[in-house]
Amino acid sequence: RRSQGGSGVRLKPVVDIVLSNKLVDSALVIAGYTCLNKSTNKGTITGKSQYLWVRRAFNNEEEEKDALVDIAVTKGNKKDLDNHIHKPPGRGFIQVSGDMNHSIIASFSANIFLWFRPITPRSAEKDWRYGVSEDERNYELEQRARRAIRQFVSPADLNFSPRGGPTDFAVLFNRHATNKSSYDSSRVGTVNVTQFGSLLKEVGLNINSQDIRHLMHRIDTSGNGRMSREEFLSFVQLNDDQLDEVAVKIREFFGASRGMVGDKKVLKAIRQRFKRLDADADGILDIDEFRQMVQMVGIFLTEP
């Protein structure tokens with residue numbers, strides 16, 4: 001991905017938004033949300049800190065049905081039930097629960113409601129993942145952490161390339177790793193649990209200390225209390241279910257899912273796409289050409 005700079009990669013769209021007064025919330029992370037880490041009331045004297053949490057589509061079906069296509073705000077007096085602040089800004093809009101201008105002094109300023117509109121109209125009720133067993137909860141936590149890391153784009157990378165793709169996993173790790181140690185050289189290039197917590201926060205995974213330690217224990221396969229780059233990259237690599245998703249996306253990319261592979265039109269379309277990817281025209285996709293192809297369908301690979 002370094003050679004391509006990540007440009008042109010399309011991330012999964014946002015399908016839900018939550019406004020919360022919590023900067024750290026493991027339940028939201030397990031439900032698939034990541035925090036934007038910026039208070040909506042930052043800089044105001046009377047405002048209470050609140051944070052936007054967003055969830056991206058888990059699969060193609062959810063992307064096609066629930067992707068958000070518009071957001072809007074209404075402003076006014078929420079205590080007046082007839083005030084225009086309560087009226088949706090358009091058909092199909094869903095209000096994000098809470099007041100974006102939540103002030104300590106109720107009469108200090110106007111209220112602000114945030115609204116979003118998905119592709120397909122749906123109920124405003126959210127699917128919270130509470131009350132599950134500990135094993136299922138930990139499994140979901142690991143899956144959400146892996147997905148969020150794979151899809152993370154740092155503001156610095158966006159400034160460098162407005163169409164940029166996810167941040168290189170190794171680069172993300174190195175930003176938080178110990179660079180030097182005067183008393184233990186084995187610590188260089190590794191992260192401890194505190195540094196790992198900072199890495200997760202940068203990605204938007206604001207979870208409690210217990211869950212940070214669980215993920216650390218899960219990734220630190222050597223059991224020495226420090227995470228190596230290799231252990232981190234091993235954790236974020238695709239699992240079997242995600243590899244199946246890659247196969248489906250590749251078939252869709254080549255158009256094989258729209259008809260029988262033996263169909264002449266389908267075969268022609270496959271050959272044309274393959275030819276565009278095969279930069280050196282040797283009839284074989286090398287690792288860089290294959291990486292470019294899967295990036296085009298929203299899959300981000302670790303370095304070999």
Side-chain angles (χ1 to χ4, degrees), residues 10-58 62-63 65-130 144 148 151-159 162-164 200-208:
R10 183 179 61 82
L11 301 180
K12 288 289 187 183
V14 172
V15 296
D16 196 19
I17 302 174
V18 171
L19 183 63
S20 173
N21 61 0
K22 294 182 179 180
L23 179 60
V24 176
D25 194 326
S26 294
L28 278 176
V29 170
I30 293 171
Y33 293 80
T34 56
C35 183
L36 299 188
N37 283 324
K38 296 290 184 180
S39 172
T40 60
N41 285 329
K42 184 178 180 181
T44 62
I45 298 176
T46 61
K48 293 182 179 179
S49 293
Q50 294 188 114
Y51 303 91
L52 286 174
W53 292 72
V54 300
R55 184 170 73 79
R56 294 185 180 276
F58 292 150
E62 188 175 30
E63 176 179 346
K65 183 180 69 172
D66 293 331
L68 306 190
V69 293
D70 201 0
I71 58 174
V73 295
T74 54
K75 182 179 179 181
N77 181 5
K78 67 179 182 181
K79 290 185 176 181
D80 180 2
L81 298 182
D82 294 325
N83 191 274
H84 62 272
I85 190 175
H86 297 287
K87 298 179 180 178
R91 187 174 182 180
F93 275 86
I94 296 173
Q95 181 194 341
V96 176
S97 180
D99 181 1
M100 292 192 66
N101 196 26
H102 188 41
S103 176
I104 297 174
I105 304 175
S107 59
F108 188 81
S109 58
N111 306 113
I112 299 177
F113 287 171
L114 177 65
W115 305 73
F116 63 78
R117 182 169 64 87
I119 292 178
T120 305
R122 68 172 188 256
S123 168
E125 295 182 359
K126 298 177 177 63
D127 179 24
W128 301 103
R129 299 299 303 275
Y130 296 126
R144 302 301 180 241
Q151 293 195 346
F152 173 65
V153 180
S154 74
D157 291 340
L158 280 177
N159 291 336
R163 299 176 62 219
L200 293 175
K201 184 175 181 181
E202 180 183 354
V203 175
L205 296 172
N206 297 4
I207 56 179
N208 61 44

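All of these numbers come straight from a predicted model, not from anything done at the bench. Each residue takes its place number in the sequence, starting with 1.
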[atom2] on [Y] to [atom1] on [X], rounded to 0.5 Å:
X     : Y      : atom1 : atom2 : result
Lys12 : Glu63  : NZ    : CD    : 4.5 Å
Asp16 : Leu28  : CG    : CG    : 10.0 Å
Ser39 : Gln50  : OG    : CD    : 7.0 Å
Ile71 : Arg117 : CD1   : CZ    : 12.0 Å
Asn77 : His84  : CG    : NE2   : 9.5 Å

(message) Is the positively charged end of Arg144 above the ring of Tyr33, judged by distance under 6.0 angstrom from the centroid and angle within 45° of the axis?
(response)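 No; the conditions do not both hold, so Arg144 does not lie above the ring face of Tyr33.
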Using a 4.5 Å cut-off on heavy atoms from C-beta on, say whether the side chain of [Y] contacts that of [X].
X      : Y      : answer
Leu19  : Leu52  : yes
Leu36  : Val54  : yes
Asp70  : Phe93  : yes
Thr40  : Leu114 : no
Pro13  : Leu68  : no
Leu200 : Val29  : no
Asp66  : Ile119 : no
Thr34  : Leu205 : yes

(message) Test of understanding: with side-chain hydrogen bond (donor to acceptor under 3.5 Å, both in side chains), list the residues that count as partners of Thr74, not counting sequence neighbours.
(response)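 Thr74 satisfies side-chain hydrogen bond (donor to acceptor under 3.5 Å, both in side chains) with Trp115 once adjacent residues are dropped.
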(request) Could I get the full list of side-chain hydrogen bond (donor to acceptor under 3.5 Å, both in side chains) partners for Asn37, not counting sequence neighbours? (result)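 Asn206.
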(request) Search all heavy atoms of Ala31 against all heavy atoms of Phe58 and return the closest pair with its distance. (result)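 For Ala31 versus Phe58, the nearest heavy atoms are O-CZ, 3.8 Å.
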(message) If you compare all heavy atoms of Trp53 against all heavy atoms of Leu23, which two are closest, and at what distance to 0.1 Å?
(response)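 Result for this residue pair: CZ2-O, 3.5 Å.
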(message) Which residues pass the salt bridge (charged side-chain N to carboxylate O under 4.0 Å, His left out) test with Arg55, not counting sequence neighbours?
(response)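 Counting only residues at least two positions away or on another chain, Arg55 forms a salt bridge (charged side-chain N to carboxylate O under 4.0 Å, His left out) with Glu62.
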(request) Please identify each residue that fulfils salt bridge (charged side-chain N to carboxylate O under 4.0 Å, His left out) with Lys78, with sequence neighbours left out. (result)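 For Lys78, the residues satisfying salt bridge (charged side-chain N to carboxylate O under 4.0 Å, His left out) (neighbours in sequence not counted) are Asp99.
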(message) According to side chain to side chain contact (heavy atoms under 4.5 Å, CB included), who are the partners of Lys65, at least two apart in sequence or on a separate chain?
(response)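 Only Thr120 meet the side chain to side chain contact (heavy atoms under 4.5 Å, CB included) criterion with Lys65.
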(message) Could you work out, with ring-ring contact (aromatic ring centres under 6.0 Å, His included) as the rule, every residue matching His86, not counting sequence neighbours?
(response)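 His86 satisfies ring-ring contact (aromatic ring centres under 6.0 Å, His included) with Phe113 only.
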(message) Between Asn208 (side chain only) and Ser26 (backbone N and O only), is there a donor and an acceptor less than 3.5 Å apart?
(response)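 No, the answer is negative, given that no donor and acceptor are paired below the 3.5 Å cut-off.
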